[in-house]
2 protein chains.
Amino acid sequence: MPNRNILYATTLVDELARAGLRHVCLAPGSRNTPLVLAFARHPAIRVFSHLDERSAAFFALGLALATDTPAAVVCTSGSAAANFFPAIVEAHQAGVPLLALTADRPHELRDSGANQTIDQVKMFGSFARWSVDVALPEAMPPPVALRNLRTLAARAMAIAGGEPRGVVHLNLPFRPPLEPTPMPGDLTEPPAAAQPRDDGAPYTCFLRSAPPAPPEAVIEPIAAVLEQHERGLIVCGPRCPGGAFGALVSELSQRTGYPALVDGVSGVRFGYPGVIGGYETFLFGEHAFPPPEVVLRFGAVLTSKWLNQYLDTAASPVVIHVRASGVWADDSHRVSHFVVADEAAFIRALIPRLTERQSAWRQRFVEAEARVWAAVEAGIADEPYFDGGAVYDVIDLLPEGASLFVGNSLPVRHLDQFGKPGVRHICAFANRGASGIDGNISTALGIGAGRPDAPLAAIVGDITFYHDMNGLLAVRRCGVPATIVLLNNDGGGIFHRLPINRFEPEFTDYFVTPHGLDFAHAAKMYGLEYVPVKDRTAFRSAFRASIDARAATLIELRTDARTDLVRRNALIQAARATGA
Amino acid sequence: MPNRNILYATTLVDELARAGLRHVCLAPGSRNTPLVLAFARHPAIRVFSHLDERSAAFFALGLALATDTPAAVVCTSGSAAANFFPAIVEAHQAGVPLLALTADRPHELRDSGANQTIDQVKMFGSFARWSVDVALPEAMPPPVALRNLRTLAARAMAIAGGEPRGVVHLNLPFRPPLEPTPMPGDLTEPPAAAQPRDDGAPYTCFLRSAPPAPPEAVIEPIAAVLEQHERGLIVCGPRCPGGAFGALVSELSQRTGYPALVDGVSGVRFGYPGVIGGYETFLFGEHAFPPPEVVLRFGAVLTSKWLNQYLDTAASPVVIHVRASGVWADDSHRVSHFVVADEAAFIRALIPRLTERQSAWRQRFVEAEARVWAAVEAGIADEPYFDGGAVYDVIDLLPEGASLFVGNSLPVRHLDQFGKPGVRHICAFANRGASGIDGNISTALGIGAGRPDAPLAAIVGDITFYHDMNGLLAVRRCGVPATIVLLNNDGGGIFHRLPINRFEPEFTDYFVTPHGLDFAHAAKMYGLEYVPVKDRTAFRSAFRASIDARAATLIELRTDARTDLVRRNALIQAARATGA
């Protein structure tokens with residue numbers, strides 16, 4: 001290798017690949033040249049090239065969400081790194097494995113007023129689980145310094161992909177020459193005492209014992225409580241584990257007679273028999289559901305306002321939250337038992353201790369569920385077509401195994417309320433760590449790149465679409481065909497649900513913030529087919545066509561926020577009128 | 001006032017206005033409702049409404065750059081605040097007065113997994129000169145708590161606008177009701193012991209003694225050194241003070257016989273007789289200029305590569321840097337005397353102690369300067385028209401007192417090399433704190449809003465234009481007509497200047513990063529007139545027409561980066577051939 005910078009960068013990248021890194025997002029610059037070349041030339045790592053660091057980091061977040069393995073994002077020095085911060089905040093809050101590699105200036109330029117030089121050491125504060133200011137490459141490093149690069153890579157991947165998952169920030173200074181120009185006196189090959197392991201093996205294998213089943217002392221009393229109480233609920237919030245977890249929830253629900261109320265982006269809503277998804281409608285406002293005695297919680301805080309309120313008001317004496325990550329997720333502070341254990345192992349250990357229970361309590365939720373969907377399906381057929389209806393239809397039309405990303409603000413709430421559970425597995429994602437409307441398009445496209453064989457749909461509102469419009473560049477540049485459903489109510493429609501809607505003119509000027517943007521131009525600029533639709537028939541056919549063809553399409557449904565709200569509320573009343 | 005949140009927000013905003021705040025940028029959300037209403041209803045503060053927090057913060061940065069007084073930017077809780085980080089980094093590095101107000105959740109929701117809740121306490125780390133987690137509003141606060149809001153506002157403005165200028169972060173938690181709904185039991189009017197001062201006076205006046213003239217002990221030895229050495233240079237980097245400083249530099253140059261080499265964005269390049277701006281050409285590569293014995297520096301690190309190199313190689317025994325902010329700005333570490341004093345006061349104290357000197361040394365620079373501009377003007381007339389030529393023409397065409405923002409990467413370097421000094425005052429700005437290509441459009445439009453009577457031009461490259469395309473929303477939404485010159489060489493043209501240009505395919509894929517975007521769509525989406533130009537005549541007429549009409553225009557000049565570089569280098573050789 002021609003010089004120290006190339007030796008260090010190649011060593012680090014090689015070891016990241018040995019530790020399992022498969023995806024990297026690059027943003028252009030000069031100071032990160034050694035890293036860019038090392039990644040570009042590594043056969044095992046797929047490179048995605050971006051021009052906006054904010055979008056690049058959210059794209060990497062999407063890759064990590066889709067694959068549940070760390071993805072890396074690389075930038076040059078200066079404010080470029082600060083543009084990673086929004087995605088880093090989301091990754092930390094949602095427990096998504098992300099490696100942020102920021103190139104930096106050498107120490108003599110730091111704090112000296114030098115061009116494009118800022119204090120990057122620990123610049124992401126408590127949002128990085130591990131933050132390292134890596135050594136400046138030396139001409140003749142002792143072997144231990146090169147072994148350190150390898151263990152650093154292994155540890156970074158282990159921490160990012162550990163429990164809880166999160167962000168690792170590696171800050172990497174380089175002094176020119178940054179390009180592969182030979183430097184007399186520089187070490188060009190690692191010495192014997194710093195060689196990589198044979199056969200491409202990781203230098204350090206991080207092995208974690210298989211998640212232990214919770215001990216008897218934990219399981220026994222919980223099983224006993226469940227046995228004593230008929231009125232229990234299983235509640236799955238966003239970001240529940242994948243794998244066998246969904247099926248185990250169904251089984252546990254069957255066994256305990258506890259209805260399983262599962263969030264739209266819990267990973268358990270689509271593809272698992274018997275789960276309940278209509279709660280936002282049948283628990284809306286005043287309702288007749290008695291409070292549960294026992295709540296068994298998994299995942300993060302729920303999207304549904306009315307389910308959260310129902311659980312809070314219920315003040316159940318026993319609220320058990322099982323979370324392998326150990327990260328607290330209860331903002332109403334009702335949890336009585338916090339079990340840090342692998343969720344699937346927990347359920348597996350619990351089920352054999354429970355006797356099957358047929359319960360009127362569960363039947364009541366099942367019947368309410370059925371009535372909700374009957375009313376929803378009837379109501380959506382009415383005119384005018386509204387945003388919630390489009391979300392229902394997306395779920396209705398998506399094929400088995402598809403990827404769906406829903407934007408924050410209204411779309412994620414519409415999925416929660418109008419995404420009917422069914423037999424088809426649909427991998428539904430949203431950024432519910434910090435629930436921001438930033439980076440949503442890039443996250444969706446990163447998910448598409450992480451699950452390349454699955455058709456990708458995304459549903460976003462107009463301000464969310466505008467906020468990350470730069471992210472559309474990745475459709476062509478990174479080869480990610482996506483069917484993007486743009487629900488355009490010209491501004492912050494969600495604010496119509498809030499009491500501020502009574503205070504004009506500020507409400508319209510500063511909360512709804514109508515913008516009047518014509519997004520057809522954005523579709524043309526980024527090479528998406530633009531399909532404006534006005535009614536359900538047009539929407540369903542445009543959506544089906546785009547998904548079937550794996551095309552890159554922007555389907556825009558313009559609605560009026562007030563009408564949408566009226567339609568939604570009318571539909572809820574209709575469901576309640578049938579006894580839901 | 002209906003409730004505690006409105007009382008606290010109104011008190012804080014009222015006191016910020018009393019302390020001199022005149023501009024605020026708002027991004028929509030719910031948690032910041034009390035702040036939004038307080039700002040929207042305050043008669044003395046002009047409100048700019050944005051939809052992307054990253055652009056909002058850079059727009060506020062532009063306002064502060066233009067007015068040299070603090071501007072505020074306000075957002076809701078969560079990742080929205082993280083989108084402020086790039087502009088906060090730039091404001092800190094460049095010493096620009098910025099108030100970042102982030103609404104937050106109350107303490108019971110923090111670290112609890114609650115929706116849209118992140119750790120915002122000191123989230124901008126060392127980039128904020130002062131960071132306060134403000135108290136959660138109380139129902140019946142003791143008077144001292146309300147007085148604290150007033151002194152907090154006064155201190156925030158004083159620190160942000162102090163020396164050095166910089167960022168103050170106020171983190172403000174609120175618990176619903178967020179809108180002005182009466183809350184029984186809440187204090188609604190400030191008690192007697194917490195009343196504002198009479199007649200709209202600030203609660204606490206921060207008074208700074210007029211910057212003292214440097215003491216005799218400082219001035220005498222420096223005057224003596226200047227008297228002893230004929231071969232001296234006055235060098236003005238970016239962000240020199242405004243006011244009388246420029247004229248004083250001219251006078252000092254006249255008096256000492258030291259040529260004044262002034263950066264394109266120093267504030268001294270345009271409107272001050274006798275300053276030198278052609279150094280990037282006559283100091284390019286090998287040249288015959290002997291090293292200066294004395295260098296008298298003002299402002300930040302220079303944009304010009306070849307002037308930096310000339311000064312570094314010169315290793316002058318006496319390098320005096322005068323900087324009121326006291327912020328170090330010498331990455332070659334050559335400064336022998338660092339004088340923390342007001343720059344204008346320093347020169348005023350120095351001049352009377354110096355005898356006027358006519359010097360062949362200065363004449364040499366004056367002649368080289370003349371030859372450079374003669375060669376530049378001749379060369380630019382040739383075909384093909386190139387990016388540097390367009391920058392020359394912008395300076396040539398801008399009227400007295402106009403505002404000009406130049407984007408980072410090539411445009412700021414072209415201004416430095418091709419922006420001919422002249423008698424017309426042009427306020428030229430660039431983000432040279434961290435020199436990022438992010439937020440450049442928003443900064444330009446913020447400058448336009450801060451100097452509403454001056455025509456505004458901005459020159460940006462295509463990746464810089466793409467990076468902050470969301471910022472174009474402010475042209476219509478904030479009523480800022482701008483003539484935007486887009487130098488489109490389809491990718492990172494600057495990288496052609498770097499040795500990495502020999503390493504294909506990575507050079508094109510990951511450094512030049514061609515994108516092929518058609519920016520006409522962006523102009524249409526944001527309501528700018530789009531004028532593509534191919535030659536000098538078309539450019540000059542389009543530019544003149546837009547500036548004269550104060551229109552909102554996107555003038556695109558497409559060039560080829562390699563040809564631009566060849567044209568630039570040929571022009572340098574032509575100048576050098578005439579003896580420059």
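A note on names: the letters A, B, ... follow the listed sequences, proteins ahead of strands, and every chain is numbered from 1. Side chains included, hydrogens not; waters and symmetry mates left out as well; all remaining heavy atoms used. A quick note: this is a predicted structure, and the numbers were derived from the prediction, not measured.
Across every non-hydrogen atom of B:Thr513 and A:Pro28, the tightest pair is CG2-CB, 4.1 Å. Closest of all the heavy-atom pairs between A:His333 and B:Glu108 is NE2-O, 2.6 Å. When all heavy atoms of A:Ala82 and B:Val89 are compared, the pair lying nearest together is CB-CG2, 3.8 Å.
For B:Ser30, the parts sitting under 4.5 Å from any heavy atom of chain A are the backbone and the side chain alike. Only the side chain of A:Arg502 comes within contact range of chain B, judged by heavy atoms closer than 4.5 Å. B:His467 touches chain A through backbone and side chain together, each having a heavy atom under 4.5 Å away. Using a 4.5 Å cut-off between heavy atoms, A:Phe127 contacts chain B through its side chain alone, with no backbone atom that close. Neither the backbone nor the side chain of B:His92 comes within less than 4.5 Å of any heavy atom of chain A. Only the backbone of B:Pro514 comes within less than 4.5 Å of a heavy atom of chain A; no side-chain atom from C-beta onward does. Neither the backbone nor the side chain of A:Pro177 has a heavy atom closer than 4.5 Å to any heavy atom of chain B. Heavy atoms closer than 4.5 Å to chain B are found in the side chain of A:Leu498, but not in its backbone. B:Ala522 touches chain A through backbone and side chain together, each having a heavy atom under 4.5 Å away. Both the backbone and the side chain of A:Ile500 come within contact range of chain B, with heavy atoms under 4.5 Å apart. Heavy atoms closer than 4.5 Å to chain A are found in both the backbone and the side chain of B:Ile118. Interface remark: A:Asn308 contributes no atoms to any contact with chain B (heavy atom separation under 4.5 Å). For chain A, no part of B:Arg110 is nearby; none of its heavy atoms comes within less than 4.5 Å. At a 4.5 Å heavy-atom cutoff, B:Asn408 makes no contact with chain A through either its backbone or its side chain. Using a 4.5 Å cut-off between heavy atoms, B:Arg41 touches chain A through its side chain atoms alone. At a 4.5 Å heavy-atom cutoff, the contact between A:Ile463 and chain B is made by side-chain atoms alone.
The backbone N or O of B:Thr117 lies less than 3.5 Å from a partner atom in the side chain of A:Gln93, making a donor-acceptor pair. The backbone N or O of A:Asn501 sits nowhere less than 3.5 Å from a side-chain atom of B:Glu179 that would complete a donor-acceptor pair. The backbone N or O of B:Tyr466 sits less than 3.5 Å from a side-chain atom of A:Asn470, completing a donor-acceptor pair. With hydrogens and angles ignored, the 3.5 Å screen pairs no side-chain donor or acceptor of B:Asp331 with any backbone N or O of A:Ser112.
Contacts from residues 503-511 of chain B to chain A, taken as heavy-atom pairs separated by less than 4.5 Å, involve B:Phe503, B:Glu506, B:Asp509, B:Tyr510, B:Phe511 in sequence order.
With chain B as partner, the option from A:Gly29, A:Gly527, A:Gly436, A:Ser126 having the largest number of non-hydrogen pairs under 4.5 angstrom is A:Gly29. Contact count versus chain B (heavy atoms, under 4.5 Å) is highest, among A:Ser49, A:Gly125, A:Gly78, for A:Ser49. Of the residues considered (B:Asn32, B:Val327, B:Asp330), B:Asp330 shows the highest number of contacts with chain A, using heavy-atom pairs under 4.5 Å. Interface remark: of the candidates B:Ala329, B:Ala114, B:Ser332, B:Pro86, B:Pro86 forms the most heavy-atom pairs closer than 4.5 Å to chain A. Of the listed residues A:Asn115, A:Leu109, A:Asp518, the one with more heavy-atom pairs under 4.5 angstrom with chain B than any other is A:Asn115. Among A:His521, A:Met469, A:Lys524, A:Gln116, the residue making the largest number of heavy-atom pairs under 4.5 Å with chain B is A:His521.
Ring orientation note: the planes of B:Phe85 and A:Phe85 are tilted relative to one another, at an angle of 30° to 60°.
In this structure, CG on A:Leu517 lies 9.0 Å from CZ on B:Arg477, to the nearest 0.5 angstrom.
Among residue pairs with one or both ends in residues 75-91 of chain B, those qualifying as side-chain hydrogen bond (donor to acceptor under 3.5 Å, both in side chains) are A:Arg54-B:Asn83, A:Asp438-B:Ser79, A:Asp438-B:Asn83, B:Ser77-B:Arg105; sequence neighbours excluded.
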